[in-house]
There are 2 protein chains.
Amino acid sequence: MSTQDRLIESTRALLWERGYVGTSPKAIQQHAGAGQGSMYHHFSGKPELALAAIRRTADELRALAEQQFSGPGTALERVAAYLRRERDVLRGCPVGRLTQDPDVMADPELRRPVDETFAWLRERLAQVLAEGVERGELTGLDPVATASTVMAVLQGGYVLARAAGSTAPFEQAVDGVLALLATHAA
Amino acid sequence: MSTQDRLIESTRALLWERGYVGTSPKAIQQHAGAGQGSMYHHFSGKPELALAAIRRTADELRALAEQQFSGPGTALERVAAYLRRERDVLRGCPVGRLTQDPDVMADPELRRPVDETFAWLRERLAQVLAEGVERGELTGLDPVATASTVMAVLQGGYVLARAAGSTAPFEQAVDGVLALLATHAA
DNA sequence: GTCTATAAGTTGATAGAC
DNA sequence: GTCTATCAACTTATAGAC
């Protein structure tokens with residue numbers, strides 16, 4: 001892995017763990033095993049490095065989600081696969097985390113990948129649910145509203161788990177929404 | 001309002017907006033119109049001030065929620081009242097926000113009010129739902145899992161709204177879960 | 001490409017005057 | 001109680017040698 005790549009990967013890890021405000025260029029350099037001059041040679045500063053890191057994280061998250069959405073099974077089974085995919089629940093969502101970072105949300109460039117990722121997820125989930133309705137697998141639900149609900153359960157589940165220091169509330173929240181959805185399965 | 005109170009209120013506002021890591025004693029002093037010596041006279045430092053602020057915010061949140069939980073109407077109506085209560089959605093939840101603050105979660109004292117608030121909310125919501133089941137207003141749902149789901153929709157709704165820079169995804173998520181719950185109303 | 005030196009500003013806090 | 005002075009460490013860079 002190149003120094004440039006190590007810098008991006010280190011920024012990704014620190015952004016996830018400590019957020020943008022809590023991540024200093026010095027910490028990134030130490031984590032990447034790179035000197036100060038090296039970092040400023042490859043990137044103009046903290047914002048450019050963060051942008052590269054955020055884009056990579058967003059791309060990865062979309063690719064992972066698409067695996068579940070385009071996988072086998074009914075719409076409900078694919079939504080369940082998405083929600084129950086193996087996750088590091090206590091670390092939270094690396095993209096959702098950024099919404100709490102005022103300096104990220106204040107910068108249109110840094111903010112865009114976050115906005116776009118969630119918009120794509122909502123549309124893709126709504127598509128999956130609409131397919132389920134179309135095929136008669138699901139009845140009596142609004143795909144668009146339900147897509148937002150499913151995503152909110154995921155993002156909120158992370159919050160509850162971190163507050164409790166336990167994955168239990170996350171799992172309960174997922175079980176709860178899947179039980180509610182099961183009522184609408186044909 | 002006393003200087004001590006102004007310092008606590010300023011810390012509450014800044015903690016909500018910028019988080020613990022992003023809030024400096026200097027910023028608190030400026031916001032409160034207090035000098036450095038004054039701040040260190042009333043509080044031993046940033047952690048003690050944050051603890052006072054977090055406790056006050058947590059107490060307020062519980063009191064507000066209890067208004068909806070103990071209000072009039074069926075279980076489902078009270079859950080809907082809670083979810084649809086007037087909120088500053090784009091600012092997010094002042095308690096949920098703290099779960100993304102590594103320095104808060106690493107300190108057992110600062111963390112406790114966050115943990116306790118969410119635990120209390122989950123139990124209280126489960127109670128309301130269990131009452132609904134008991135009274136025959138709701139059928140075929142698990143009060144404990146559903147309580148976690150409802151809270152997750154709320155916390156996740158904030159995340160989606162901030163990502164989108166719009167309250168729309170929050171409202172969709174709430175509408176979606178209430179529609180799912182309505183299926184279980186007698 | 002990577003290194004060291006330097007710098008202006010901030011952070012979180014202490015000391016002591018008033 | 002509140003103020004100013006001071007502090008060591010850190011933040012986010014820039015400059016220039018190698």
Side-chain angles (χ1 to χ4, degrees), chain A residues 1-56 97-98 100-111, chain B residues 1-56 97-98 100-111:
Chain A
M1 196 156 52
S2 70
T3 297
Q4 219 186 106
D5 254 32
R6 284 204 322 277
L7 283 164
I8 295 177
E9 288 304 313
S10 294
T11 305
R12 292 221 293 157
L14 290 169
L15 238 40
W16 193 357
E17 198 183 315
R18 310 237 350 127
Y20 185 84
V21 177
T23 298
S24 68
K26 189 180 186 179
I28 295 169
Q29 292 151 25
Q30 289 175 341
H31 190 279
Q36 216 164 167
S38 186
M39 193 198 101
Y40 283 102
H41 170 74
H42 291 292
F43 299 94
S44 65
K46 183 173 160 175
E48 194 177 290
L49 196 38
L51 182 58
I54 291 172
R55 281 188 176 148
R56 195 177 281 190
R97 204 239 177 277
L98 300 168
Q100 302 299 332
D101 241 307
D103 292 2
V104 170
M105 299 317 275
D107 182 330
E109 280 220 79
L110 294 180
R111 186 207 181 101
Chain B
M1 196 159 50
S2 69
T3 297
Q4 219 185 108
D5 253 32
R6 284 204 322 277
L7 283 165
I8 295 177
E9 288 303 313
S10 294
T11 305
R12 292 220 295 157
L14 290 169
L15 237 40
W16 193 358
E17 198 183 316
R18 311 237 349 127
Y20 185 85
V21 177
T23 298
S24 67
K26 189 180 184 179
I28 295 169
Q29 292 151 26
Q30 289 176 341
H31 191 279
Q36 212 161 176
S38 186
M39 193 198 100
Y40 283 103
H41 169 75
H42 291 291
F43 300 94
S44 64
K46 184 173 159 175
E48 194 177 290
L49 196 37
L51 183 58
I54 291 172
R55 279 187 177 149
R56 196 177 281 189
R97 204 241 178 276
L98 300 169
Q100 301 299 332
D101 240 308
D103 292 2
V104 169
M105 299 317 275
D107 182 329
E109 280 219 80
L110 293 180
R111 185 205 183 103

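The figures here come from the full heavy-atom set of this structure, side chains too, leaving out hydrogens, waters and symmetry mates. A note on names: the letters A, B, ... follow the listed sequences, proteins ahead of strands, and every chain is numbered from 1.
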Heavy-atom donor-acceptor pair, T11(A) side chain to L49(A) backbone, under 3.5 Å: no

Between dG12(C) (P) and D103(B) (CG): distance, integer Å: 10 Å

Interatomic distance, Q36(A) CD vs dT14(D) C1' [rounded to whole Å]: 10 Å

Salt bridge check, E9(A) against R6(A): does any charged N sit closer than 4.0 Å to a carboxylate O? no

Between R97(B) and E17(B), is the closest basic N to carboxylate O distance under 4.0 Å? no

Residues, nucleotides or ligands: over 12 heavy atoms within 6.0 Å of E109(A) CD: no

Starting from C1' on dT2(D), measure out to CZ on F43(B) and report it in whole angstrom. 15 Å

It should be established whether T3(B) places a side-chain nitrogen or oxygen under 4.0 Å from OP1 or OP2 of nucleotide dT2(D). yes

5'-most contact on DNA chain D (nearest-nucleotide basis), T23(A) vs Q4(B), goes to Q4(B)

In whole Å, what is the span from the CZ atom of R18(B) to the C1' atom of dT10(C)? 13 Å

Within the structure, does a side-chain N or O atom of S24(A) lie under 4.0 Å from either OP1 or OP2 of dC10(D)? no

Could you state the atom-to-atom distance from CG of L14(B) to C1' of dG12(C) in whole Å? 16 Å

Atom NE2 of H42(A) to atom C1' of dG1(C): distance rounded to whole Å? 6 Å

Can you tell me the distance, in whole Å, between the CD atom of E48(B) and the C1' atom of dA13(C)? 14 Å

How is G37(A) classified with respect to the nucleic acid when contacts are heavy atoms under 4.0 Å: base, sugar-phosphate, or nothing? base

Check the distance between dT6(C)'s C1' and Y40(A)'s OH and give it to me in whole angstrom. 14 Å

